[in-house]
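Since we're looking at a predicted model, the values are computed, not measured. Side-chain atoms are counted along with the backbone in the values below, which use heavy atoms only and exclude waters and symmetry mates. Quick note on labels: first sequence line is chain A, next is B, and so on, each numbered from 1.
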Protein chains: 2
Amino acid sequence: MTKSPGTRAAYHHGNLVEELIAATIGLIEEKGVDAVSVREAAKRAGVSPAAPFRHFANKTALMTAVAEQAMGRLTLSVQQELSETGDADPVEGLRAIARGYLAWALANPTHFDVIASRTLIDFHGSPKLTGETEAIRLVMLDLIARGQASGRIARTLAPDALMLSARAFIYGLCRMWIDGHFAEWHVDKPAGQAMAEAVDLFIDMIGGRHATGQAGA
Amino acid sequence: MTKSPGTRAAYHHGNLVEELIAATIGLIEEKGVDAVSVREAAKRAGVSPAAPFRHFANKTALMTAVAEQAMGRLTLSVQQELSETGDADPVEGLRAIARGYLAWALANPTHFDVIASRTLIDFHGSPKLTGETEAIRLVMLDLIARGQASGRIARTLAPDALMLSARAFIYGLCRMWIDGHFAEWHVDKPAGQAMAEAVDLFIDMIGGRHATGQAGA
DNA sequence: ATCAAATGTAAGCAGTGATTACATCGGAGG
DNA sequence: CCTCCGATGTAATCACTGCTTACATTTGAT
C-alpha cells in the first residue's frame, strides 16, 4: 500500500489545502452542492477522512474557502464587463454590472449557489467575501448618484430603494435559474436570452425609457 | 410503556400523517429547514423512526406535503390582498400581488424557504404546487395585458420580459431576506419597510411614474 | 369470528460531520 | 549528524442521518 519512495509525498501531502478545495469543486460540479461531503473530498485527495479537519475547522470552513475562490472570479467577471463598457453613461454602467453578474452566474451556477448560501458557508466571517460584495455595492451607489446628478436617472427614485431593487432583481433572476424555477414560468425562449431581455427591460426602466403618457402622476 | 386503554390510539396512531406534518413544521420553525430529520419528526409524533415511511415514500415527500400546506396559505395571502385592492387599476393589482407575496414571505420565512426549494421538495411532482403557481402567473399576465390595453403600462414593455422581471424581482427580494443577505447591503431602516419601498419603486417604474426628460429615447 | 390489508415496531445498513488518541514526517538547534 | 518538537497525517469511534427489511399488531370488511 505504501507508495514507493520517489513518488511525491507519501505521508505528508504537501498542499492538501489546495487539493481539497479542488476536490470539493469537482464534487460540486459533478453531483451538486448538496452532495458534497468532507469524506468524499478527502477520498479524492487520497487522504484519510479526518485529514481535512487539520486544515479546515469544519465543513463550513471548507465550503467558505471554495466560495472565496469563486467570489474572486465573480467580481472579475463584473469588473471586466464594466471596463469594456466604460462608465461614461451611469445607466450603461449598471447594465454592465448586471450583465457581468448574470453571465457569471449562468456559466457557474453551482459556484453561484455556494456564494449565495448562508447555511453552507460563513459569509460574514470572511473578509474576502464581505469586502468584495461591499466593493460592488459602492460602485453601484456611485453610478446611481452620478446618474441622478446628470439627470440620466430620475431624481424621484430614492437611491437606497433603487439599490435594493436592482440587487433584488438580479439576485432573483440568478436564483430563479439556479433553483430551477424557470420551468414553472413558461419561458419559451432560451433561458439565457429571456434573462438578458429581462435585464435590459429593468435597466431601461431605470433609465426612464418607457413612457405611458401618465408619467409623473 | 404501553399506554393504558382509553388513551387514544396506542398502537395505531389514527392520523399520523397530519401529526407528522405538524411536527415537521414545528421542527422547521424551531431549528430551521436544514435541521429537519424524519427521525426527529417521528419522535415528536411519538412513533418509531421507520413509521413515517409508511406514509411518505421519503423525506422529500414529507417536505412536499409541508410545502403544499404552506402554498395554500401563500396564495390565500395574495388573493386577499388582491381582493382588498380590487383590480380596477392593473398596476395596483400587480402591486397588491407583490405586497401579498412579500407579506407572507416576511411572516413565514421558513415556509417560504420550503416552497422555494427544489432540492428539499418535489415541486413539479405536486399538482397543487404547480397549479397554484400557474394560477398566480395567469392573473399577472392578465393584469399586464389589461394594463397595456388601457395604456396604464407602456406598450413598449414586452409582456414576457416584464413578467419575468417582476417575478425575479419579488422572488429576489424575498430570498435575499430569507437567505440573510440584508446585512451585507446596509439597509439601515427596518427590512420590512425597505422591502416595501423597493416594491413600490419597482411597481411605480412599471407604471411609468418616473420621468427623466429622456424618456422614449 | 376470520383473515387480509393497513399500520406500526425492531433491527440494521451505509453514509455523514466531528473528535480523540496515536503515528509519522520534516526542519531547527545542538 | 542527530535529536526532538510541532505540523500533519491515520485509526478508531461517536452520534446522527435516510432508508430498508422482517416482523408484530390492529382494524375493518365479510
What residues, two or more places apart in sequence or in another chain, satisfy side-chain hydrogen bond (donor to acceptor under 3.5 Å, both in side chains) together with B:Asp179?
-> A:Tyr171, B:Arg175
Out of D:dG9, C:dT9, D:dC19, which nucleotide sits closest to the side chain of B:Ser48?
-> C:dT9
Name the closest nucleotide to the B:Phe53 side chain, picking from C:dG17, D:dC19, D:dG9.
-> D:dC19
Parallel, tilted or perpendicular: which describes the rings of A:Tyr101 and A:Phe112, with under 30° parallel and over 60° perpendicular?
-> perpendicular
How would you list all residue pairs meeting salt bridge (Lys or Arg N to Asp or Glu O under 4.0 Å) that involve residues 188-203 of chain B, not counting sequence neighbours?
-> A:Asp160-B:Lys189, B:Arg95-B:Asp200, B:Arg99-B:Asp200, B:Lys189-B:Glu197
Tell me, with the steps shown, if A:Glu30 and A:Arg44 meet salt bridge (charged side-chain N to carboxylate O under 4.0 Å, His left out).
-> CA-CA 13 Å; A:Glu30 288 172 30; A:Arg44 293 199 177 199; 2.9 Å; yes
How many Å lie between CG on A:Leu20 and C1' on D:dG9, as a whole number?
-> 12 Å
Taking the side chain of A:Ala51 as heavy atoms from C-beta outward, which of C:dA10, C:dT19, D:dG9 is closest to it?
-> D:dG9
Carboxylate-amine/guanidinium proximity below 4.0 Å for B:Glu184 and A:Arg118 | yes
Euclidean distance, atom CG of residue B:Asn15 to atom P of C:dA6 [Å, nearest integer] = 18 Å
Over how many whole Å does the gap from B:Asn58 atom CG to C:dG15 atom P extend?
-> 18 Å
Quick one, which residues of residues 25-40 of chain A touch DNA chain C with a heavy atom under 4.0 Å?
-> A:Val36, A:Ser37, A:Val38, A:Arg39
Using atom CG of A:Leu16 as one end and atom P of D:dA7 as the other, report the distance to the nearest whole Å.
-> 16 Å
B:Leu62 CG - D:dC19 C1' separation (whole Å) = 14 Å
For A:Leu138, does its backbone N or O pair with a side-chain atom of A:Asp142 as donor and acceptor, under 3.5 Å?
-> no
Could you state the atom-to-atom distance from CZ of A:Phe56 to P of D:dT8 in whole Å?
-> 12 Å
For the student: nearest non-hydrogen atoms of A:Leu157 and A:Gln148, plus distance = O-NE2, 2.7 Å
Expressed in angstrom and rounded to an integer, what is the separation of A:Lys43 atom NZ from C:dA14 atom C1'?
-> 11 Å
Round to a whole Å and report the spacing from NE2 of B:His55 to C1' of C:dT9.
-> 13 Å
